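Quick note: numbers below take in every heavy atom, side chains included, and nothing from hydrogens, waters or symmetry partners. The structure displayed is predicted, hence computed values, not measured ones.
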Amino acid sequence: MKRLCAAVVGLGGAVVVGLTGCAPTAMGPMVMRMGPGAPDRNVMQLGMRSGPRLSAPIAGTQPGVGTGDTFRGNESSFSPQQWGVAFDAALTLPLSERLHLHTGLQGEMFLPVPLPGYGVYAGASYYVGSERLGLAPALSLRGATDFGLLTSRGGPGSIFGAEVSCALTMQPEKSVSIGLVPFASWHTVASHGRNEQALYYGGVVAARVRWGALNDFELSGGFGRAKVGKGVSWNVPIMGARGGR
């Protein structure tokens, strides 16, 4: 009987947590190719990255929205209603020394289990330059959704879009890469029966080093600007950390 009660309580808790998820975070830049990369091996990275919830300006201005769920723009840049931190699992697949494919999965960080929204992205990058200094333009596609959960933070929301980025990288040592990565992305955002166009752009400074057993430990930080519809825009802090082998 006690086990049954514990199971019921656990199931009830899981349902409550599942119904209070988060709208998807628009991570950016999706692809950061720090240097020429490894042409002979795949690279898997796991970590967390931040970005805006592009559905927040739509969801946070609906009639009857509570005070804590309103959209505040630049007055509250770190509000979980409009800014999120998502788990990021990224895989790099080299096709040649210069051309690499990139794919990844995201899950929103909440309590701190990845709950809706979920997302996927995929793209390609091409490296131009020497081993020490070069450019890596990239193009990628993204889709993410919280499956219409009305109680999700910053949602409900679904996004689909494309991003262009270009990493300017330098490798002062074999196991150290430093880069500046500007990016711009365009999304269609669906929330509360409305579809709006969103522009998200900015840039990060990133570093990738070998740290212990991690061959590709990466830190990034910067700022972005998100604009949804015709007039709503706000600043977005960008932070990220990923480790890989």
A.B. asks: Keeping Ser79 on the side-chain end and Ser76 on the backbone end, is there a donor-acceptor pair under 3.5 Å?
C.D. replies: no

A.B. asks: Minimum heavy-atom separation for Arg53 to Gly154, with atom names?
C.D. replies: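 For Arg53 versus Gly154, the nearest heavy atoms are CD-CA, 4.1 Å.
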
A.B. asks: Quick one: does Gln106's side chain have a donor or acceptor within less than 3.5 Å of a partner on Gly119's backbone?
C.D. replies: no

A.B. asks: Restricting to non-hydrogen atoms, name the atom on Ala162 and the atom on Leu141 that form the minimum distance, rounded to 0.1 Å.
C.D. replies: CB-CD2, 3.6 Å

A.B. asks: Does Glu196 reach the side chain of Ser191, with side-chain heavy atoms less than 4.5 Å apart?
C.D. replies: no

A.B. asks: In chain order, what residues pass the side chain to side chain donor-acceptor pair (under 3.5 Å) check against Thr103, with sequence neighbours excluded?
C.D. replies: none

A.B. asks: Could I get the full list of side-chain contact (heavy atoms from CB on, under 4.5 Å) partners for Arg41, not counting sequence neighbours?
C.D. replies: Ala38, Val43, Asn215, Asp216

A.B. asks: Under the side chain to side chain contact (heavy atoms under 4.5 Å, CB included) criterion, do Thr169 and Ser177 qualify, and how do the steps go?
C.D. replies: CA-CA 7 Å; Thr169 65; Ser177 297; 5.6 Å; no

A.B. asks: Transitively linked via ILVMFWY side-chain contacts under 4.5 Å: Val228 with Val236?
C.D. replies: yes

A.B. asks: For Pro36 and Gln171, work out which heavy atoms get closest and say how close.
C.D. replies: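 That closest heavy-atom pairing would be CD-NE2, 3.4 Å.
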
A.B. asks: Is there a path from Met48 to Met239 through hydrophobic residues (I, L, V, M, F, W, Y) whose side chains come within less than 4.5 Å of each other?
C.D. replies: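 Hydrophobic grouping puts Met48 with Met239.
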
A.B. asks: Any chance you could pull the hydrophobic cluster mates of Leu95, using side-chain heavy atoms under 4.5 angstrom and chaining through other members?
C.D. replies: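 Members other than Leu95 - counting any ILVMFWY side chain reachable under 4.5 Å - are Met44, Leu46, Leu91, Leu93, Leu99, Leu101, Tyr126, Val128.
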
A.B. asks: Would Glu131 and Lys174 satisfy side chain to side chain contact (heavy atoms under 4.5 Å, CB included), going step by step from the backbone distance to the final call?
C.D. replies: CA-CA 9 Å; Glu131 184 177 355; Lys174 181 69 175 179; 3.0 Å; yes

A.B. asks: Return the set of residues passing salt bridge (Lys or Arg N to Asp or Glu O under 4.0 Å) with Asp146 (not counting sequence neighbours), or none when no residue passes.
C.D. replies: none

A.B. asks: Please report the closest heavy-atom contact between Ala59 and Gly155, naming both atoms and the distance.
C.D. replies: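 Result for this residue pair: CB-O, 3.2 Å.
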
A.B. asks: Keeping the roles fixed (side chain from Arg142, backbone from Met27), state whether a donor-acceptor pair exists under 3.5 Å.
C.D. replies: yes

A.B. asks: Among residues two or more places apart or on two chains, list those pairs meeting ring pair (Phe, Tyr, Trp, His ring centres under 6.0 Å) that have a residue in residues 213-233.
C.D. replies: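 For residues 213-233, and leaving out neighbouring residues, the ring pair (Phe, Tyr, Trp, His ring centres under 6.0 Å) pairs sorted by first residue read Trp211-Phe217.
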
A.B. asks: Can you see which heavy atom on Trp234 is nearest to which on Pro57, and at what distance?
C.D. replies: CZ3-CG, 3.3 Å

A.B. asks: From Thr61 OG1 over to Arg194 CZ, what is the distance, rounded to the nearest 0.5 angstrom?
C.D. replies: 5.5 Å

A.B. asks: Give every residue pair that meets the ring pair (Phe, Tyr, Trp, His ring centres under 6.0 Å) criterion with at least one member in residues 140-199, sequence neighbours excluded.
C.D. replies: Phe183-Tyr200

A.B. asks: Test of understanding: with side chain to side chain donor-acceptor pair (under 3.5 Å), list the residues that count as partners of Ser185, not counting sequence neighbours.
C.D. replies: none

A.B. asks: Could you walk me through whether Met32 and Gln45 pass side chain to side chain contact (heavy atoms under 4.5 Å, CB included), step by step?
C.D. replies: CA-CA 12 Å; Met32 292 188 292; Gln45 291 178 294; over 6 Å; no

A.B. asks: Is a side-chain donor or acceptor of Arg208 paired with a backbone partner of Met34 at a separation under 3.5 angstrom?
C.D. replies: no

A.B. asks: Return the set of residues passing side chain to side chain donor-acceptor pair (under 3.5 Å) with Asn235 (not counting sequence neighbours), or none when no residue passes.
C.D. replies: Arg225

A.B. asks: Are Pro94 and Asn42 packed together at the side-chain level, in the sense that at least one heavy-atom pair is separated by less than 4.5 angstrom?
C.D. replies: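 Pro94 vs Asn42: side chains touch.
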
A.B. asks: Given Ser50 and Trp83, is the side chain to side chain contact (heavy atoms under 4.5 Å, CB included) satisfied, shown in steps?
C.D. replies: CA-CA 7 Å; Ser50 71; Trp83 183 81; 3.4 Å; yes

A.B. asks: With sequence neighbours excluded, what pairs up with Tyr201 under the ring pair (Phe, Tyr, Trp, His ring centres under 6.0 Å) test?
C.D. replies: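 None.
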
A.B. asks: Between the side chain of Gln81 and the main-chain N/O of Phe71, is any donor-acceptor distance below 3.5 Å?
C.D. replies: no

A.B. asks: Please enumerate all residues that pass side chain to side chain donor-acceptor pair (under 3.5 Å) together with Glu75, with sequence neighbours excluded.
C.D. replies: none

A.B. asks: Quick check for you: to the nearest 0.5 Å, what is the distance between Leu54 atom CG and Gln197 atom CD?
C.D. replies: 11.0 Å

A.B. asks: Following the transitive rule for hydrophobic clusters with a side-chain heavy-atom cut-off under 4.5 Å over Ile, Leu, Val, Met, Phe, Trp and Tyr, establish whether Tyr127 and Leu180 coincide in one cluster.
C.D. replies: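 No.
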
A.B. asks: State, to 0.1 Å, how close Arg242 and Ala90 come at their nearest heavy-atom pair, and which atoms those are.
C.D. replies: NH1-CB, 3.5 Å

A.B. asks: When clusters are formed by joining ILVMFWY residues with side-chain heavy atoms under 4.5 Å apart, either directly or through shared neighbours, do Phe87 and Ile238 land in the same one?
C.D. replies: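 Hydrophobic grouping puts Phe87 with Ile238.
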
A.B. asks: Is the backbone N or O of Pro52 less than 3.5 Å from a side-chain atom of Thr25, with the two atoms forming a donor-acceptor pair by type?
C.D. replies: no

A.B. asks: Excluding sequence neighbours, so at least two apart, what forms salt bridge (Lys or Arg N to Asp or Glu O under 4.0 Å) with Glu163?
C.D. replies: none

A.B. asks: According to side-chain contact (heavy atoms from CB on, under 4.5 Å), who are the partners of Ser125, at least two apart in sequence or on a separate chain?
C.D. replies: Val31, Arg33, His100, His102, Ala138

A.B. asks: In a check of side-chain hydrogen bond (donor to acceptor under 3.5 Å, both in side chains) between Ser158 and each of Thr188, Asn195, Thr145, which one passes?
C.D. replies: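 Only one of Thr188, Asn195, Thr145 forms a side-chain hydrogen bond (donor to acceptor under 3.5 Å, both in side chains) with Ser158, namely Thr145.
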
